[in-house]
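So the structure is just underneath, and the comments pick up after that.
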Amino acid sequence: MKQTIHEILHLALTRAQKKGELKLETPPTIILDTPREKNHGDLATTLALTLAKPESKSPRKIAEIIIANIQDDAGIIEKTEIAGPGFINFFLKQDRWKKTLFEIESEGASYGLKNIGKGERVLVEFVSANPTGPLHVGHGRGAAVGDALANLLAAVGYDVTREFYINDAGRQIKLLSESIYSRYQQACGNAVQFPEDGYHGDYVEELARDFIQQHGNKYLNVPFEECRDVFGIFGKEMMLADIRTDLEAFGVRFDTWFSEANLLQDQSVQTSVEELRESRNLYEQDGALWFRSTAFGDDKDRVVKKQDGAWTYLATDIAYHRQKLGRGYKTLVNIWGADHHGYIPRMQAVIQAFGHPKDSLHVLLVQLVAILRHGQPVPMSKRAGTFVTLRDVVQDVGADVARYIFLTRRSDSHLDFDLDVAKEQSRENPVYYVQYAHARLASLFREAESRKISIPKSSTADLNLLDQSEEQHLIKALAKYPELVEEAAQAYEPHRLTYYLQDLAGLLHNYYFKHRVITDDVDRTGAKLFLLKQVKTVIQSALGILGVSAPDRM
RNA sequence: GCGCCCAUAGCUCAGUUGGAUAGAGCAACGGACUACGAAUCCGUAGGUCAGAGGUUCGAAUCCUCUUGGGCGCGCCA
């Protein structure tokens, strides 16, 4: 629709140019918007306003010229008008809108999903929590955003891989190992001191108990240095299994789990660093090895190998991202906690040092989640081991509610998650509001079926009977869906879908309340059912992208 | 000290990439069930878009400064 008007305007401009009515020294970009006010038409352009200066004519004069040159061969425009300072408003013929319904009927679940990805491969890396403790709500938000974004990109034709990067090398695992070892000793009656930076959560004691079940007191008199790996590997495996379980309960499944430790074992780190050395992006100073990230816009250069010969975290990240690019992904999307934002320039420097454009790495920042209970924030401290786990939240409010609420805000803004509201089943809880719309429709179709009323096919539905303003609003909302999905995908903003859904559900509830669907008027009933079937399809499609279920009954 | 992000109705937040009279939900007030799901709907009220300049036909949106908040700034991960 937008496309067609766009072309018509383009032709009008060239025609005006040929006649010498407009100079058009620099071809203007035509922007079409859907006006907020419905009496401003279906589509509007500011073309005449932007042309006013270069053409040195008044905007209204230019608008007149453009309109005079419009040829509506397909006959889709009802009327055009010049409004305000020089907006051109297009009113489209009603039956054009009805075509939307036929499109949804024939395309079904794939309605509105344009193939803008064209099969290009994208890697979405998210969650990537250290396997040293359970997932907390912050990880949950990252999981919801990452998974919905992956769905969204896949829906518009990208070939998407979901990856979990396992930080299973270095200090954290050693600390986990030491923490379990201490709890193990304590559980067996040895009063050893707990490591100062150790993990204090209760789950460590559970791990120690599990360890005793498997190994008994075999390691009671073994010094830590000699059984470090035993405890480390045990803890890591247990935690990873836990993380996997939690994510599955949350409806998130990864295609690949990528181990940091492997990068060290298979010499990838050495190879990557060697490559940077050859491209002269590395240098030695003060006994350490530095990456010249300033050459790519970073504030300062970064150490890759420390004086003591150990690799930094950046070193494994260099190897990891080189590896990702080497697997043939055009675009890398990383979902990080917002506190890592300072890390972005150096990673983009890495990407560029390997010869890829800066924006082939797209980092999405996810802000913290504050959990509220009875209106009060629940205190969380990772150090003290007190935090609300994803598992607690999912058990408390369910995966659908949690996912939806995580997606109701832009990912980089703070989110207050009120557990009491999340359990409420009312308009305040947007999940139920949207799901209820779907369930209501399902119920309506059950009712129709029990009365032996069938939904007409495209060929038999008389859509001219959909003459109520609420019906028109619904159709327009459905017509907007393709554009919305495309824009959300391009902006990497799945939250736009939640707002769209709330709008659409609102229109549906409003319509449903005002108008009885099933009446004695058979044709009108048929047309309404046809419309509502398409509404149901779109709600289901959008909820599907968000990873939230569309129940037939609640 | 330097850098990034943020500030919109009492509260929580949208705002179609610079457009027309800034929108939702909640809370408040007033209404709607003899009907396909009231987990719903309708109405009223609520605003100096933190403040001040600037850019232009036009700014919540872009630029500069100020104020107030969050987060980064390690040879930690």
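Note that the coordinates shown come from a computational prediction; the quantities given were computed from them, not determined experimentally. Numbers restart at 1 for each chain; the letters A, B, ... are given by sequence-line order, proteins then strands.
Among the atoms of the strands shown, base atoms are found under 4.0 Å from some heavy atom of A:His515. A:Gln307 comes within 4.0 angstrom of a base, heavy atoms only. As judged by a 4.0 angstrom heavy-atom cut-off over every strand, A:Ala439 is placed among the base-contacting residues. At the heavy-atom level, A:Ala288 lies under 4.0 Å from base atoms of the strands shown. Within 4.0 Å (heavy atoms only), A:Ala83 reaches at least one base atom of the nucleic acid. At the heavy-atom level, A:Asp286 lies under 4.0 Å from base atoms of the strands shown. In this structure, A:Lys480 reaches neither bases nor backbone, as no heavy-atom distance under 4.0 Å exists between it and the strands shown. Here A:Tyr343 lies in heavy-atom contact (under 4.0 Å) with a base.
In this structure, A:Gln367 atom CD and B:C71 atom C1' are separated by 7 Å, rounded to whole Å. Straight-line distance from the CD1 atom of A:Ile62 to the C1' atom of B:C57: 11 Å, rounded to whole Å. Atoms CG (A:Leu47) and C1' (B:G19) sit 13 Å apart, rounded to a whole Å. Spacing between atom CG of A:Leu51 and atom C1' of B:G58 amounts to 15 Å, rounded to whole angstrom units. To the nearest angstrom, P of B:C76 lies 8 Å from CG of A:Asp308.
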Show each protein N/O and nucleotides 9-15 of chain B N/O combination with a separation under 3.5 Å, one pair to a line.
from	atom 1	to	atom 2	distance (Å)
B:U12	O2'	A:Arg409	NH2	2.7
B:C13	OP1	A:His414	O	3.1
B:C13	O5'	A:Arg409	NE	3.2
B:C13	O2'	A:Arg409	NH1	3.3
B:C13	O2'	A:Tyr499	OH	2.5
B:A14	OP1	A:Arg410	N	3.2

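At distances below 3.5 Å, at least one donor-acceptor pair connects side-chain atoms of A:Ser259 with backbone N or O atoms of A:Asn262. A:Arg409 places no side-chain N or O within 3.5 Å of a backbone atom of A:Leu407 that could act as its donor or acceptor partner. Put simply, the side chain of A:Trp290 gets close to the backbone of A:Gln285: a donor and an acceptor are under 3.5 Å apart.
OP1 or OP2 of B:C41 has at least one side-chain nitrogen or oxygen of A:Tyr433 nearer than 4.0 Å. An OP1 or OP2 oxygen of B:A38 is reached within less than 4.0 angstrom by a side-chain nitrogen or oxygen of A:Arg440. Note on A:Lys300: every side-chain N or O is 4.0 Å or more away from OP1 and OP2 of B:C2. For the pair A:Lys306 and B:A77, the criterion of a side-chain N or O lying under 4.0 Å from OP1 or OP2 is met. In terms of phosphate contacts, A:Asn130 brings no side-chain nitrogen or oxygen within less than 4.0 Å of OP1 or OP2 of B:A77.
For B:C49 and B:C13, the C1' atoms lie 13 Å apart once the distance is rounded to whole Å. Here, B:U17 and B:C11 have their P atoms 29 Å apart, quoted to the whole Å. The gap from the P atom of B:A9 to that of B:G46 amounts to 15 Å, rounded to the nearest Å. Here the separation of B:U40 from B:C63, taken at their P atoms, is 41 Å to the nearest Å. Comparing the P positions of B:G10 and B:G47 gives an interatomic distance of 6 Å, to the nearest angstrom. Here the separation of B:A52 from B:A39, taken at their P atoms, is 47 Å to the nearest Å. Only the P atoms considered, B:U16 is 24 Å distant from B:U55, to the nearest whole Å. On the C1' atoms, B:G43 is 32 Å away from B:U61, given to the nearest whole Å.
Taking only distance into account, the side chain of A:Asn89 meets the base of B:A20 through a donor-acceptor pair shorter than 3.5 Å. Contact of A:His341 with B:C5 (side chain to base): no donor-acceptor pair of N or O atoms is detected under 3.5 Å.
Under the 3.5 Å distance criterion, with hydrogens and angles disregarded, a donor-acceptor pair is assigned to the side chains of A:Gln435 and A:Asp400.
Checking B:U40, B:C57, B:A77 against every side-chain atom of A:Arg171, the shortest atom distance belongs to B:A77. Of the candidates B:C75, B:G19, B:C42, B:C75 carries the atom nearest the A:Thr312 side chain, counting heavy atoms from C-beta on. Counting only heavy atoms from C-beta on, A:Arg516 has its side chain closest to B:A35 among B:A39, B:C41, B:A35. Closest approach to the A:Glu447 side chain among B:C36, B:U16, B:C42 is made by B:C36 (side chain taken as heavy atoms from C-beta onward). For A:Pro35, counting side-chain heavy atoms from C-beta on, the closest listed nucleotide (B:A77, B:C36, B:A20) is B:A20. Between B:C36, B:G19, B:U40, one nucleotide has an atom nearer to the side chain of A:Phe513 than all others, and that is B:U40.
At a threshold of 4.5 Å between non-hydrogen side-chain atoms, the residues A:Phe417 and A:Val137 do not count as touching.
Aromatic ring pairs are classed by plane angle as parallel below 30°, tilted from 30° to 60° and perpendicular above 60°; the pair A:Tyr343 and A:Trp336 is perpendicular.
The existence of a salt bridge linking A:Arg60 and A:Glu64 is excluded, since no basic side-chain nitrogen approaches an acidic carboxylate oxygen closer than 4.0 Å. A salt bridge links A:Glu125 with A:Lys324: the distance from a Lys NZ or Arg NE/NH1/NH2 to an Asp or Glu carboxylate oxygen falls below 4.0 Å. Classification of A:Arg446 and A:Glu449 as a salt-bridged pair fails, no side-chain N sitting under 4.0 Å from a carboxylate O.
With the nearest nucleotide of RNA chain B identified for both A:Ala491 and A:Ile518, A:Ala491 has the one nearer the 5' end. Of the residues near RNA chain B, A:Asp33 and A:Arg346, the one whose nearest nucleotide (by heavy atom distance) lies more toward the 5' end is A:Asp33.
Under the stacking definition used here (centres under 5.5 Å, planes under 30°), the residue A:Phe87 qualifies as stacked on the base of B:A20. By the criterion of a centre-to-centre distance under 5.5 Å and near-parallel planes under 30°, the ring of A:His340 forms no stack with the base of B:G72.
More than 12 non-hydrogen atoms from other residues, nucleotides or ligands lie less than 6.0 angstrom from NZ of A:Lys423.
Between A:Ala129 and A:Phe164, the shortest heavy-atom distance links the atoms N-CZ, 3.4 Å.
In textbook terms, a nucleotide whose glycosidic angle is within 90° of 0 is syn, while B:C49, being further out, is anti. In textbook terms, a nucleotide whose glycosidic angle is within 90° of 0 is syn, while B:U21, being further out, is anti.
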